[in-house]
> 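Can you read through this structure? Questions will come right after.
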Amino acid sequence: MSLMAPIKDGKVVETESQTSLKKAQTANKNGMDKEAFLQLLVAQMQYQDPLQPTSNTEYISQYAQFSQVEQMQNMAANSELSRATSLVGKEVYIKTTDTSGDPNYKFGKVDYVVFEGGKAYLAIEESLYSLDDLDTVVDGEYKAAYDKAYDFTGRLNKLPHVNAIDMSNAEEIDELEKIYNEMTDYEKIFVASDTVTRLNQYIEKLKEVRAAAEDAAKPEEGEGEGGDSTEDGEDKPAEGTEGADKV
């Protein structure tokens, strides 16, 4: 677990891990565990009215209740440990709330599980998080497809308006067209239909821009021709007329 903490405005700011652990520890302190139940039972026996002592039947009943509480806690602990263990190796989102009430999300792979005080903690990048703060379990293929579509859409949004593009945008549009065409059918479902429509508009507009650029690069009609003139502008004599005034 990291011993370093971020500083903001000259104050130590709790990390998501610290917030999650503090929340779990507070919940443990506020809860009624079997030790607290047993202490209450002993205190009741110690301070009972000697003139009206608690009957043996009532003690047996309370002890039976204590046994039920202990069994329920053990079942809950085993269930929590089994649930946490099943998450090892999977990618998850942990949701915590900072002191100002704003939610914070931590994404990462669960490396291992720590079970302490009847609570399970998920280890992500060597920081512990309470299982109670688990928000989402993410499939790796889903996350990769979502991130790819998100990055693709972000790059498309950075392009100028479709009517304002020029040849300087050609390489990026070509790259985005290639990325989309190489996506699997599963990956394409993460790309919104209006995003695909905009991509096609850019592709068609780029064709017009390229055609205009090619036309502009062509020599004007008649430019470079005029074989009847010499380089210095003087008219060349027609072929076969040289010396025609001589006999």
Side-chain angles (χ1 to χ4, degrees), residues 1-37 69-155 157-158 179-180 182-192 195:
M1 187 181 302
S2 175
L3 299 178
M4 300 180 65
I7 305 295
K8 183 177 181 180
D9 297 331
K11 298 180 181 179
V12 177
V13 179
E14 287 186 346
T15 63
E16 291 89 345
S17 175
Q18 291 169 334
T19 302
S20 180
L21 292 178
K22 181 180 290 187
K23 178 182 175 182
Q25 292 167 356
T26 302
N28 282 342
K29 291 181 180 178
N30 293 337
M32 175 67 73
D33 58 12
K34 62 183 180 181
E35 293 183 2
F37 186 91
V69 170
E70 184 178 28
Q71 290 177 2
M72 291 175 61
Q73 288 183 337
N74 290 337
M75 289 177 60
N78 290 335
S79 175
E80 181 167 327
L81 178 58
S82 176
R83 180 188 174 202
T85 303
S86 68
L87 296 173
V88 174
K90 295 188 176 180
E91 295 179 315
V92 300
Y93 277 101
I94 300 294
K95 180 182 179 181
T96 60
T97 304
D98 59 22
T99 53
S100 61
D102 297 325
N104 292 318
Y105 289 89
K106 171 66 178 179
F107 174 79
K109 186 181 73 172
V110 179
D111 297 316
Y112 56 90
V113 171
V114 174
F115 193 74
E116 183 177 347
K119 298 292 295 181
Y121 300 92
L122 307 177
I124 302 174
E125 297 178 0
E126 294 304 315
S127 294
L128 297 180
Y129 299 88
S130 171
L131 181 62
D132 296 335
D133 290 328
L134 175 66
D135 183 78
T136 308
V137 180
V138 185
D139 175 71
E141 184 181 2
Y142 172 93
K143 181 67 168 53
Y146 177 86
D147 289 344
K148 188 173 185 178
Y150 183 85
D151 178 69
F152 173 84
T153 304
R155 290 175 61 176
N157 290 339
K158 290 180 180 179
I179 291 174
Y180 182 78
E182 292 179 351
M183 284 184 180
T184 64
D185 292 339
Y186 178 71
E187 292 172 335
K188 287 181 178 179
I189 67 175
F190 291 86
V191 182
T195 301

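All heavy atoms count here, side chains included; hydrogens, waters and symmetry mates do not.
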> The criterion is salt bridge (Lys or Arg N to Asp or Glu O under 4.0 Å); which residues satisfy it with Arg155, sequence neighbours excluded?
Glu172
> Which residues pass the side chain to side chain contact (heavy atoms under 4.5 Å, CB included) test with Ala123, not counting sequence neighbours?
Tyr112, Leu128
> Would you be so kind as to tabulate the donor-acceptor pairs closer than 3.5 Å made by side chains of residues 144-152, with sequence neighbours excluded?
residue	atom	partner	partner atom	Å
Asp147	OD1	Lys143	NZ	3.3
Asp147	OD2	Lys143	NZ	2.6
Lys148	NZ	Glu187	OE1	3.4

> As a quick check of understanding, evaluate side chain to side chain contact (heavy atoms under 4.5 Å, CB included) for Tyr129 and Ile124, giving each step before the final call.
CA-CA 8 Å; Tyr129 299 88; Ile124 302 174; 3.9 Å; yes
> List the atom of Leu122, the atom of Ala84, and the distance in Å for their closest heavy-atom pair.
CD2-CB, 4.0 Å
> When rounded to the nearest 0.5 angstrom, what distance separates OG1 in Thr195 from CZ in Phe190?
14.0 Å
> Specify the closest pair of heavy atoms between Glu80 and Ala120, including all atoms of both residues, with the distance to one decimal.
OE2-N, 2.8 Å
> Give me the atom names and distance for the closest heavy-atom approach of Val88 to Asp111.
CG1-O, 3.6 Å
> Apply the test side chain to side chain contact (heavy atoms under 4.5 Å, CB included) to residues Val113 and Tyr121: give CA-CA distance (whole Å), side-chain angles for both, the deciding distance (0.1 Å), then the verdict.
CA-CA 6 Å; Val113 171; Tyr121 300 92; over 6 Å; no
> Is any side-chain heavy atom of Lys95 closer than 4.5 Å to a side-chain heavy atom of Asn104?
no
> I'd like to check Asp135 versus Tyr105 (side-chain heavy atoms, cut-off strictly below 4.5 Å). Are they in contact?
yes
> Mind checking salt bridge (Lys or Arg N to Asp or Glu O under 4.0 Å) for Glu91 and listing every partner two or more places apart, or none if nothing turns up?
none
> Does the side chain to side chain contact (heavy atoms under 4.5 Å, CB included) test come out yes or no for Val191 and Met183, once each step is laid out?
CA-CA 10 Å; Val191 182; Met183 284 184 180; 3.9 Å; yes
> Flag the pair Val137 / Lys90 as yes when at least one side-chain heavy-atom distance between them is below 4.5 Å, and no otherwise.
yes
> Listed by chain and number, what are the ring pair (Phe, Tyr, Trp, His ring centres under 6.0 Å) partners of Phe115, not counting sequence neighbours?
none
> Output all residues satisfying salt bridge (Lys or Arg N to Asp or Glu O under 4.0 Å) with Glu125, sequence neighbours left out; order by chain, then residue number.
Lys106
> A side-chain contact here means heavy atoms from C-beta on lying under 4.5 Å apart; do Ile94 and Leu134 qualify?
yes
> Considering residues at least two apart in sequence or located in another chain, which fulfil the side chain to side chain contact (heavy atoms under 4.5 Å, CB included) criterion with Asp139?
Glu141, Tyr142
> Is there a side chain to side chain contact (heavy atoms under 4.5 Å, CB included) between Leu87 and Leu131 once you walk through the steps?
CA-CA 10 Å; Leu87 296 173; Leu131 181 62; 3.8 Å; yes
> Judged by atom type as modelled, is there a donor-acceptor pair below 3.5 Å linking the side chain of Ser130 to the main-chain atoms of Asp132?
yes
> Asp102: which residues meet the side-chain hydrogen bond (donor to acceptor under 3.5 Å, both in side chains) condition with it, sequence neighbours left out?
Ser100
